[in-house]
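A short write-up of the structure that comes next.
These numbers come from the heavy atoms of this one structure, side chains and all, not from hydrogens, waters or symmetry mates.
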There are 2 protein chains.
Amino acid sequence: MTRPGSRSGTTMNDVAAAAGVSQATVSLVLNDAAGTRFSDETRRKVHAVALDLGYRTNAHAKVLRDGVAGMIGFVGDFVATAPFAGKIIEGAQARAWEAGLLLLTVNTGGDKALEAASLETMLSYKVAGVVYAAMYHRVLDVPDVLAEVPAVVLNSRDRSGRFPSIAPQEELGGYAATKRLLDAGHRRIAMVNIGDPDGELPAAVGRHAGYVRALEEAGLNPDSGLHRAGDGHESGGFDNALALMTGPQPPTAIFCANDRTAWGAYQALAQLGLSIPHDVSLVGFDNQETLAPHLRPGLTTLELPFLEMGRRAVELLLAGTDRNGRTEYFECPLVERHSVAAPLKSTSSY
Amino acid sequence: MTRPGSRSGTTMNDVAAAAGVSQATVSLVLNDAAGTRFSDETRRKVHAVALDLGYRTNAHAKVLRDGVAGMIGFVGDFVATAPFAGKIIEGAQARAWEAGLLLLTVNTGGDKALEAASLETMLSYKVAGVVYAAMYHRVLDVPDVLAEVPAVVLNSRDRSGRFPSIAPQEELGGYAATKRLLDAGHRRIAMVNIGDPDGELPAAVGRHAGYVRALEEAGLNPDSGLHRAGDGHESGGFDNALALMTGPQPPTAIFCANDRTAWGAYQALAQLGLSIPHDVSLVGFDNQETLAPHLRPGLTTLELPFLEMGRRAVELLLAGTDRNGRTEYFECPLVERHSVAAPLKSTSSY
DNA sequence: CCGGGCTGGTAATTCGTATAACTCGTCCCC
DNA sequence: GGGGACGAGTTATACGAATTACCAGCCCGG
């Protein structure tokens, strides 16, 4: 019979006393230590008593001896709050658990003091490593204290180049999105970006670069009039799609650099009485679960592989191979839905 | 000068040796223990050496002595993944941090074996308490092992009545939503629910009960033809809104029991050429951040106070006042946007 | 009849910190 | 000048588990 109410815990000494053996015997039996021999009778008794008393190991005593705890720190700025990035935690936690580790998570909300304090606390708990995650892809400065422990930068790149980083392959994503539209037969393909293509935001820069490369590979000259900076919100998608479609030479397809932007475009096109994908084809980016599958028609978009990135971050931590400063890029797979079709009348000859 | 690369850590003994004092002195000085007197010179030296060697306390040694760790366990089914419930973690973590505690989080994804194993691990780490959180409001069975530690059920109710629970006030929310429409002058108010109003889902049951109560208080007889069960997805909102508005006596307003359902209704109304709120008023539920503010017009809806609920869960844990089995209900505030207006022609006299 | 090997265990120590109990001076006051 | 009070520290121990070194019987062979 277990004793539910027993706070303060049963120790190995309690088990040893009740079983009439020494604490060492209990430890050796319960851990099934190699190279030791105990009578079956003793083993049976120890196990029975341990179960009976509801013995549970004290992890702190173990860590104190062994030096490293079964925990990994996860520090994020807004990761838990960001609607689509919960997966990044889920992936990290799943991989950690496979290795028998728990995740100690902190959301700093951008507060540097809180960040520093939580890192200190995590280190005092001897975490096996720290994942330093960012809500959106950028180049960031990692706190020095992380040099004391295996650390990985997730969904961003470390400016100092000291830590391995994991980030999405933005350029390839922009390329794939554009290529999808080219393959469908489009030639006038616009892009509504989520920021300045020459700015600081790797997503805006990379996705645009991929867009340009795809066009050039197809022998097309990127028309600067077809690129709009946007702002990452649906208002940017709405306004720019409206402007593009009412302009002198409207595109037959639009690549929106995120799904929110695409949603704005949907609303603008609806207002203009244009149908998707019949009149205009659309490709998004992010595969935002609460949005992309539910638009009518479903939005063809690129997925940010957050689950895999989270997993990989922990894996790098565990591997510990000092791959200093290398950034690993993750490809964004195309998620096909129903917002792309052939253009109404092909403007090119084939 | 700190020693960045020094894994394995500086201990109090190292500091003591370097400062030429005993380990006890280091402990007493660094913890500023009450009732002890040391010379300023000694204090200064200890602090200086500790800083110099980069001393950091070993939390495990402390816990081993003191019995309770500065950590709280947070076990959720899909909480981190659910798009809108990340706030529940954020709130819990914020409150925990104010008390100097870290959060040990696990997403079980509904896996009971993983759940049991992580609870065992958490208990072996001597967590100060456990928050047992659910993605959606329901009545659930709490693992027995949680009886060994302070525990709180979050966003659900404990069937056994052993643990304090925290849940949203669904009935009051349904009432407020309906009242808002009544106050605007509506008399034919439909409801598209997110499930069976006599079923197991507290949200569906409670929100419906509030709807009925508001109507009755206004002297109206709830028309069963105006209530639709729905399914919580936008398809339920789309189909039911279409049916309601093309029926014999269409409502002038619809209360959708969640925002996704409301979104479906938006699309149905758009298809019918009806404008919101001019032709039909709409109220949602959930205040889903990635949706409600971005619909055109912005959706008036009720907010689930996840941040506060998360905070309160940890607070109850900390208070530890044995409020056995009591459920604390949190009111859902109305978030006013632009989807409610007076009916086109009032069907009642005033 | 004695040594060696095997069986079945135990004693003692370690990890790093906190704290109760104690020691050794020195000063002060009667 | 003797004793109490205080100042400034130190010593020793406990927390719970893991592990190394050891030990007591017993059996067997030469």
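D:dA18 atom P lies 14 Å from atom NE2 of A:His60, rounded to whole Å. Atom CZ in A:Phe38 sits about 9 Å away from atom C1' in C:dT10, given to the nearest Å. Rounded to whole Å, the distance from CG on A:Asp66 to P on C:dT14 is 16 Å. Rounded to an integer number of Å, the gap from CG of B:Leu64 to P of C:dT17 is 12 Å. In this entry the distance linking CE of A:Met12 with P of C:dT10 reads 14 Å, nearest Å. Computed from coordinates, the B:Lys45 NZ to D:dG9 P distance equals 11 Å when rounded to whole Å. The separation between A:Arg65 atom CZ and C:dA12 atom C1' is 12 Å, rounded to whole Å. Between the CG atom of A:Asn31 and the C1' atom of C:dG9 there is a distance of 17 Å, given to the nearest Å.
The side chain of B:Thr42 places an N or O atom within less than 4.0 Å of a non-bridging phosphate oxygen (OP1 or OP2) of D:dG9. One finds no side-chain N or O of A:Asn58 lying less than 4.0 angstrom from the OP1 or OP2 phosphate oxygen of D:dC15. When the side-chain nitrogen and oxygen atoms of A:Thr25 are compared with OP1 and OP2 of C:dG9, none of them lie within a distance under 4.0 Å. The shortest distance between the side-chain N/O atoms of A:Lys62 and the OP1/OP2 oxygens of D:dA18 is below 4.0 Å. Between B:Tyr125 and D:dG16, a side-chain N or O to OP1/OP2 separation shorter than 4.0 Å is absent. Here A:Tyr55 does not reach the OP1 or OP2 of D:dG16: none of its side-chain N or O atoms lies under 4.0 Å away.
For B:Glu41, the side chain to side chain contact (heavy atoms under 4.5 Å, CB included) partners are B:Ser39, B:Arg44, not counting sequence neighbours.
Residue-level contact check: A:Val21 touches the backbone only, with heavy atoms under 4.0 Å from sugar-phosphate atoms and none from bases. Residue contacts shown for A:Arg43 are absent, as no nucleic acid heavy atom lies under 4.0 Å away. Within 4.0 Å of B:Ser22, counting heavy atoms only, lies at least one base atom of the nucleic acid.
More than 12 heavy-atom neighbours from other residues, nucleotides or ligands sit within 6.0 angstrom of CZ on A:Phe38. Counted within 6.0 Å of CZ on A:Phe330, heavy atoms from surrounding residues, nucleotides or ligands total more than 12; the atom is thus considered enclosed. The environment of CD in B:Glu331 is sparse: at most 12 heavy-atom neighbours from other residues, nucleotides or ligands sit within 6.0 Å. Counting non-hydrogen atoms of other residues, nucleotides and ligands closer than 6.0 Å to CD of B:Glu289 gives a total of 12 or fewer.
Between B:Tyr125 and A:His60, the angle of the ring planes goes over 60°, which puts this pair in the perpendicular group of the 30/60° scheme.
Of the listed nucleotides (D:dG16, C:dT19, D:dA18), D:dA18 has the atom at the smallest distance from the side chain of A:Ser27. Among C:dG16, D:dT19, D:dA12, the nucleotide with an atom closest to any side-chain atom of B:Thr11 is C:dG16. Residue B:Ala24 has its side chain nearest to D:dT11 when only C:dA18, D:dT11, C:dA12 are considered.
Checked for salt-bridge contact, B:Asp144 and B:Arg162 meet the test: a charged N lies under 4.0 Å from a carboxylate O. The residues A:Glu315 and A:Arg312 are annotated as salt-bridged, a charged nitrogen and a carboxylate oxygen being separated by less than 4.0 angstrom.
Of the residues near DNA chain C, B:Thr57 and A:Ser39, the one whose nearest nucleotide (by heavy atom distance) lies more toward the 5' end is A:Ser39.
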Just the table, please: protein N/O against nucleotides 23-26 of chain D N/O, every pair under 3.5 Å.
none

